[in-house]
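Worksheet: the structure to be examined is printed underneath.
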Amino acid sequence: MAQVRDYTKLAKDIIVAVGGEENIVNAARCATRLRLVLKETPADAHDKIASMTGVITVVENGGQFQVVIGTHVGDVFDVVAKELHLDEKQSDMPEQKQSVLNRVIATMSAVFAPFIYILAAAGILQGVLIIVTMFAPSFANTGTYSLLSLMSWTPFTFLPIFIAVTASKHFKCNTFIALVCCCALVNPDLSALAGRVADGEVINFLCFKLSETTYTSSVLPPLFLVWILSYLERFVQKKLPDALKALFTPFICLIVMVPLTVLLIGPLSTLLANGIANGYNAIYNFAPALAAAVIGGVWQVIVIFGVHWGITPVVLANFANQGFDTFQAYQTMAVMAQMAAAFGVFIKSRNKEFKGVALSAGVTGIFGITEPAIYGVTLRLKKPFICGCIAGAAGAVTASLFHAVYYTYAGLPGVLTVVNALYPVDSTAQVFPMAFIGELIGAAVAIIGAIVLVQIVGFEDPVPAVCETPADAEAVSGMETAAAKAPANVSAAAEAPVSAKTPVSVKAPMTGKVIPLSEVADEVFSCGALGEGAAVEPADNKVYAPVDAKVESIFDTKHAIGLTTDNGMELLIHVGIDTVKLNGAPFTVKTSVGSRVKAGDLLLEFDAEAIKAAGCPLTTPVIITNPDDFSSIAICAEGSVNHGDEMIVVK
């Protein structure tokens, strides 16, 4: 992924590529992804957006079109939200039909993603306090510690209020009504009432007994509250006269939703969250190593599909009920292993540009964000991703042997959150004395294991080239590799750039219509990333040598041939666009690598109908891939040409 600073342009380009504003039902974001819900997905949207500068990849899952951008996703989303007028229009947008599972996943992502960094920052502050009190126990008795501790727990204590804001936007209801209802849930007086009930006192609301359930740090009660509120609000708005809506809509919603939540929604949803958490804990207690292996090995696969937010209520329920959680302790191993795999690629790769990508992705992984490492490095190369999953599983199993747990919630588990396994001085949770040691040892296994595995297993190192398409990079680099291996007695002219007084005529390699490279329907060619030249829309199925040259490379899938002239000019003939995916089936090569060819010699034939049937354009770029070696490259043909007609003059 190349660096991009014009995020306004990127956002607008994405909107256009997915079919425009009218095709977008909803838009949201998480830590690294722009998540779009589309009425229908244009056939070329995936590939077109994935090739945009600034986009890591595109994932279609859970009824969402997810554009993985990385840490600058907020810059893009802000523009998308403005362009789509989300605040004004979302309430009028029709709901897209999705499965229940997809809707749950989409809801969790939309609700938690906007404030996950707030929870992460608070978690880091808690970790810092734990470390400080380890070395200075008396610090826990100071006012400074008390204030900082209060600050670190604030986002968790008032979590229902955060949920009110994001959930109201997702469910398209009045944010302020949602806020006042959720504020009532965390009102200290309600907690005091619950405490009196817990002590045995009977307290009624009308004829219904109140429960001892409290709602600070809760997830599902406020979430269900806002969901049901969205229906109630719309119902009330339809029934009330216009003159009464502004006053009586919030009044009716408040007096209905808060008691309904306290009496019914809260206790039931709390039972649901606790039931799911207890189910996971039962599996863990039965086979800790197995649970750890699954989490450490599979978690990053779950991240790929963007469904990882669904576990958040389970983790938070564990912290609320037990004061600790094992899931995040093992999730951390998966994150660190994938981070380390990216660093392993950085160490082993010989591609200078790709080393920079791998290093950047690895550094981002330190902060618990692995999408750049996954999509930009490890999954792209396949083997490093698998190495990371194996090492993550090994690290998690190792940590489980020491009963590693987290005592503090980690918004973004990773290297910086390992300290969450330290026991806080003010905690009343069960003590696992080897938790932190186990987490450290597990982390070492995950990190070292991933790096070592990548060095042993290896990967196909991306070819260093200016183009962004691996197939085209391979085709170009073949000429460079072959040239490096040329015998020493090759004419010195082969090493020298063409003299300005010695123009070279490049003939049309096929009969057809000449078009500028800028009109080629592939950005890699049209932007000049591969070099300079022109393209031909072929009228027949034969490709001829455009100059006297040596055949330096023939790509495995036979769709591209590289030539080098005696005076150093490097030519690439690329038959069709995206024809690499056809695996050579429509092509018949008539020459071989190392052969000397004369201008007009037949190089290959192709089945034009088969290529068109596969959905690939026949447009054939003819490119000088080392244009900097020449003073000028002029296109001297336009319109129809026959093979052998002069097409390009190089000086």
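Only a predicted model underlies this, so the values are computations on that prediction, with no experimental measurement involved. If you read the sequence from its start, that first residue is 1, and numbering goes on from there.
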Please find the pair of heavy atoms, one from [X] and one from [Y], that lie closest to each other, and give the distance.
X      : Y      : result
Leu240 : Leu244 : CD1-O, 4.1 Å
Ala291 : Tyr284 : CB-CA, 4.0 Å
Ile163 : Ser218 : CD1-O, 3.9 Å

### Task
Apply the test ring pair (Phe, Tyr, Trp, His ring centres under 6.0 Å) to residues Trp299 and Phe327: give CA-CA distance (whole Å), side-chain angles for both, the deciding distance (0.1 Å), then the verdict.
CA-CA 10 Å; Trp299 180 252; Phe327 193 100; 5.5 Å; yes
Are [X] and [Y] side-chain neighbours, meaning at least one heavy-atom pair lies under 4.5 Å?
X      : Y      : answer
Arg196 : Glu212 : no
Gln64  : Leu36  : no
Gln66  : Val58  : no
Leu254 : Cys181 : yes
Val128 : Leu148 : no
Ser149 : Leu129 : yes
Leu223 : Phe171 : yes
Thr53  : Leu10  : no

### Task
Check whether the side chains of Thr213 and Ser211 place a donor and an acceptor atom closer than 3.5 Å, and report yes or no.
yes
### Task
Scan side-chain atoms only and decide if Asn281 and Gln322 contain a donor-acceptor pair under the 3.5 Å cut-off.
yes
### Audit row: Phe319, Phe324, ring pair (Phe, Tyr, Trp, His ring centres under 6.0 Å) steps and yes/no
CA-CA 5 Å; Phe319 281 111; Phe324 65 87; 8.4 Å; no
### Task
If a pair satisfies side-chain hydrogen bond (donor to acceptor under 3.5 Å, both in side chains) and one of its residues is in residues 226-253, list it, with sequence neighbours excluded.
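Found Asp242-Lys245.
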### Summary
The side-chain hydrogen bond (donor to acceptor under 3.5 Å, both in side chains) partner of Tyr406 among Thr417, Thr326, Asp325, Asn318 is Thr417
### Task
Run the numbers on Asp78 and Lys82 for salt bridge (Lys or Arg N to Asp or Glu O under 4.0 Å), then give the verdict.
CA-CA 6 Å; Asp78 289 343; Lys82 182 179 179 181; over 6 Å; no
### Message
Over 60° means perpendicular and under 30° means parallel, so tell me whether His46 and Phe65 are parallel, tilted or perpendicular.
### Response
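Geometry flag for Phe65 against His46: perpendicular rings.
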### Query
Taking the inter-plane angle between the rings of Phe162 and Phe115 on a 0 to 90° scale, is it parallel (under 30°), tilted (30 to 60°) or perpendicular (over 60°)?
tilted
